[in-house]
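Every heavy atom of this structure was used, including side-chain atoms; hydrogens, water molecules and symmetry mates were not.
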Amino acid sequence: MTESSLAAPRRITAKARPSDRIFKFLSTGSATLILVILAGVALFLIVKAAPAIAADWTKGDLAGGTTAHHTSFLSYTAPLIWGTLWSSIIALIMGAPVAIGIALFISHYAPRRFAGILAYLVDLLAAVPSIIFGLWGIFTIRPFLLPFQHWLNAHAGWFPLFGGQASQSGSTMFAAGVVLAVMILPIITSITREIFLQTPRLHEEAALALGATKWETVRLAVFPYARSGMLSAILLGLGRALGETMAVAMILSPSLVFSLRLFTDNQNSQTIAANIALNFPESNELQREALIGTGLALFVISLVVNFAARFIIGRTGRSSGGKKAKSLPPTNPSTILALDDAESPLEALHPHASSAHPEGVKPSQPEGPRS
């Protein structure tokens with residue numbers, strides 16, 4: 001072999017066609033348009049919210065009406081931020097494990113025909129409007145959960161989450177969290193299902209060949225591969241819960257307070273989106289600007305959640321699959337030639353295997369007990 005044949009081949013680039021230039025322009029323009037829209041939304045919120053943020057809340061239009069009893073923009077917005085985060089955390093705690101379990105059942109346990117029907121029904125939940133979920137929560141979820149809330153309040157009222165005066169109407173944070181958990185089910189389920197189905201088949205077969213059960217195969221082969229995908233699905237569901245409006249506004253009986261209680265009336269923390277929907281028609285111009293300021297706070301929360309998600313997913317991907325593979329020893333050229341001439345790789349690596357053992361190389365048998 002000459003030195004010219006061993007040299008690295010030159011990279012050949014094809015001549016760009018007009019269709020390639022058009023596609024590049026459209027893709028670049030679309031990506032740039034997303035940034036422009038995002039910057040425009042942020043600029044609009046900042047400009048509209050600035051007068052209310054800088055205003056004196058102890059007098060004037062902000063001293064009464066929907067913004068009464070608040071001395072500053074921070075004192076008005078902080079309970080809303082807490083209520084938004086608290087309701088979303090409740091929804092994730094109840095909804096994420098169920099969604100992952102449904103996705104796992106569809107991808108690995110259910111028969112193929114039944115799995116297709118169930119996947120279609122779960123995806124159909126994403127098409128249900130929020131107001132339908134709100135009506136379902138009012139007429140079905142509230143009376144259904146009321147006996148359970150009373151029982152838990154009576155027997156575990158000493159715990160801060162279950163204490164306080166139990167609700168008689170069912171308009172509690174717990175009922176709102178249950179409805180939000182159902183609303184985020186299709187998002188988390190559909191994404192995790194696709195990730196589970198993309199697990200390399202050889203990984204699962206290797207685990208089964210080593211004697212692992214079905215659950216051990218899922219735990220050792222499927223979950224490590226789908227870790228970052230599951231986290232992405234959960235954080236996407238969190239984004240849906242953070243911005244939910246009508247369902248929470250119809251079910252919850254809120255107030256602007258910091259509260260951890262789940263089973264009380266008028267002591268539930270309000271969410272930002274529901275507060276804007278309920279108070280916007282009754283507010284004057286400056287109060288509407290204050291509501292837009294709370295929308296700016298929700299916008300910032302969404303950005304923080306997305307940036308945190310990208311950071312966590314990147315760290316998870318590097319920790320699970322970013323380890324460097326061990327370098328293999330240099331290959332013997334004679335082995336490569338033998339592999340080309342042999343009928344099987346086993347015969348090439350063990351040329352005397354067929355003569356010594358007609359069935360090939362047999363694993364070493366354990367010896368009997370020694371004296």
Query - From CA spacing to verdict: side chain to side chain contact (heavy atoms under 4.5 Å, CB included), L256, H70 - result: CA-CA 10 Å; L256 298 184; H70 295 282; 3.3 Å; yes
Query - Results of side-chain contact (heavy atoms from CB on, under 4.5 Å) for S30 - residues two or more places apart only - result: none
Report task. Output all residues satisfying side-chain contact (heavy atoms from CB on, under 4.5 Å) with W215, sequence neighbours left out; order by chain, then residue number. Result -> L104, Y109, T213, V218, R219, F223
Report task. With side chain to side chain contact (heavy atoms under 4.5 Å, CB included) as the test, would you mind laying out the steps for S283 and L291 before giving the verdict? Result -> CA-CA 9 Å; S283 301; L291 293 176; 3.7 Å; yes
Query raised in the report: Taking 4.0 angstrom as the limit, do E285 and R288 come out as a salt bridge?
Result: no
Report task. Run the salt-bridge test on D123 and R193 with the 4.0 Å N-O cut-off and return the result as yes or no. Result -> yes
If you define the side chain from C-beta out and look only at heavy atoms, does anything of [X] sit under 4.5 Å from [Y]?
X: V222; Y: E204; result: yes
X: L262; Y: I90; result: yes
X: L180; Y: V248; result: yes
X: N275; Y: Y76; result: yes
X: I93; Y: I89; result: yes
X: R261; Y: M173; result: no
X: L85; Y: I301; result: yes
X: L45; Y: I292; result: yes

Are [X] and [Y] joined in one hydrophobic group, where the rule is that I, L, V, M, F, W and Y side chains link up if heavy atoms are under 4.5 Å apart?
X: F307; Y: L38; value: yes
X: L152; Y: L260; value: yes
X: Y120; Y: V128; value: no
X: V98; Y: I187; value: no
X: L296; Y: L303; value: yes

Rounded distance [0.5 Å steps], [atom1] in [X] versus [atom2] in [Y]:
X: F174; Y: I251; atom1: CZ; atom2: CD1; answer: 12.5 Å
X: I22; Y: S27; atom1: CD1; atom2: OG; answer: 12.0 Å
X: K48; Y: L43; atom1: NZ; atom2: CG; answer: 11.5 Å
X: M246; Y: L135; atom1: CE; atom2: CG; answer: 9.0 Å
X: T271; Y: W82; atom1: OG1; atom2: CH2; answer: 14.0 Å
X: I102; Y: T189; atom1: CD1; atom2: OG1; answer: 4.5 Å

Looking at [X] and [Y], what are the two nearest heavy atoms and their distance?
X: S269; Y: L252; answer: O-CD2, 3.5 Å
X: N153; Y: G164; answer: ND2-O, 3.0 Å
X: A96; Y: I188; answer: CA-CD1, 4.1 Å
X: G237; Y: L92; answer: C-CD2, 4.4 Å
X: F196; Y: S107; answer: CB-OG, 3.5 Å
X: M250; Y: I131; answer: SD-CG1, 3.8 Å

Side-chain donor-acceptor pair under 3.5 Å between [X] and [Y], yes or no?
X: E244; Y: S130; result: yes
X: S171; Y: R142; result: yes
X: N266; Y: S253; result: yes
X: T66; Y: N279; result: no

Requested in this report: Verify side chain to side chain contact (heavy atoms under 4.5 Å, CB included) between D265 and S169, making sure each step is shown before the conclusion.
Outcome: CA-CA 8 Å; D265 278 329; S169 64; 3.3 Å; yes
Query raised in the report: Between F105 and F114, how do the two ring planes meet: parallel, tilted or perpendicular, split at 30° and 60°?
Result: perpendicular
Query raised in the report: Of the options L278, T84, V257, which is the one that meets Q270 in a side chain to side chain contact (heavy atoms under 4.5 Å, CB included)?
Result: L278
Query raised in the report: Any sub-3.5 Å donor-acceptor pair from D56's side-chain atoms to K59's backbone N or O?
Result: no
Query raised in the report: For the side chain of Q267 and the backbone of T264, is there at least one donor-acceptor N/O pair under 3.5 Å apart?
Result: no
Requested in this report: Could you pull out all residues at least two apart from F162 that satisfy ring-ring contact (aromatic ring centres under 6.0 Å, His included)?
Outcome: F159, F263
Query - Pair E205-R201, side chain to side chain contact (heavy atoms under 4.5 Å, CB included): steps then yes or no - result: CA-CA 6 Å; E205 292 177 353; R201 187 64 183 170; 3.4 Å; yes
Query - Atom CZ of F144 with >12 non-hydrogen neighbours under 6.0 angstrom - result: no
